[in-house]
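Report on the structure given below.
If you're wondering where the values come from, they're calculated on a predicted model, not measured in any experiment.
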Amino acid sequence: MSEQDERAAAARRIAAGPTPSRLVEAGGAKPPSPAIGAEGDPPASSELDTAPATAAPFDPLRLCIFATIALLGWIAGPVALVVFGAVGFAGYWKARRAGLTRSKCYLRDTRLVLAYLAVLTAAGLWGVYAAVHSLIA
């Protein structure tokens, strides 16, 4: 069998399989069985419905993010507070102008979030000023 024939056979096997939307509904792709690929028949819907439905464990990603931000704040001091506050303020400002009025942030109302981030940025700027002033004096 030539390489072109092998590619054509592989393309037929793939085309005979489930559509991507069926794989997403089933929770992931399964390797094709030889019987399905050889005969060209798509798998029965019951075969896709038997995927194990295990709940994913809780991923404490936010805790890792908080720890990283704390580390950056410890290393960079008030400069990090200015940067994170200003970036957050700009992001919420843009989102508010696009129509966002409720946030997933603990403060919920985007006006409160903007005020909070403005205060953080101002505190960071004061910290930078105080640090520079203490170095000069």
Side-chain angles (χ1 to χ4, degrees):
M1 183 180 263
S2 71
E3 184 178 341
Q4 188 174 13
D5 292 338
E6 288 176 14
R7 287 183 183 178
R12 282 192 296 276
R13 251 192 337 272
I14 292 169
T19 61
S21 58
R22 299 275 308 208
L23 290 173
V24 171
E25 290 170 3
K30 295 179 185 177
S33 66
I36 293 172
E39 296 180 19
D41 296 331
S45 64
S46 63
E47 184 179 321
L48 290 176
D49 295 338
T50 59
T54 58
F58 172 71
D59 182 8
L61 175 64
R62 287 186 177 176
L63 299 177
C64 181
I65 292 170
F66 295 155
T68 304
I69 291 172
L71 173 66
L72 292 173
W74 178 64
I75 291 171
V79 174
L81 185 57
V82 171
V83 170
F84 284 116
V87 168
F89 187 88
Y92 269 96
W93 182 266
K94 184 176 180 180
R96 180 145 177 91
R97 292 193 61 191
L100 181 70
T101 58
R102 303 262 313 154
S103 172
K104 292 181 183 177
C105 178
Y106 182 75
L107 297 174
R108 298 287 183 234
D109 189 346
T110 53
R111 292 173 295 188
L112 292 175
V113 176
L114 284 167
Y116 169 71
L117 292 170
V119 168
L120 288 181
T121 304
L125 288 170
W126 178 83
V128 169
Y129 168 77
V132 169
H133 187 17
S134 70
L135 289 174
I136 294 173

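Summarising the geometry of Ala80 relative to Gly73, their closest heavy-atom pair is CB-CA, 3.9 Å, with the distance given to 0.1 Å. Across all their heavy atoms, Arg102 and Leu100 have their closest contact at O-CD1, 3.0 Å. Considering every non-hydrogen atom in both Gly85 and Thr121, the closest pair reads C-OG1, 3.1 Å. Residues Gly124 and Pro78 come closest through the heavy atom pair O-CB, 3.5 Å.
Transitive grouping of hydrophobic side chains (ILVMFWY, heavy atoms separated by less than 4.5 Å) brings Leu81 and Leu117 into a common cluster. The hydrophobic clustering, which links ILVMFWY residues whose side-chain heavy atoms are closer than 4.5 Å, places Leu114 and Tyr116 together. Residue Leu112 is grouped with residue Phe89 when hydrophobic side chains (ILVMFWY) are merged at heavy-atom distances under 4.5 angstrom, including chains of intermediate members.
Note that CH2 of Trp93 and OG1 of Thr110 are 10.0 Å apart. Values are rounded to the nearest 0.5 Å. Atom CG of residue Leu120 and atom CG of residue Leu125 lie 11.0 Å apart, to the nearest 0.5 angstrom.
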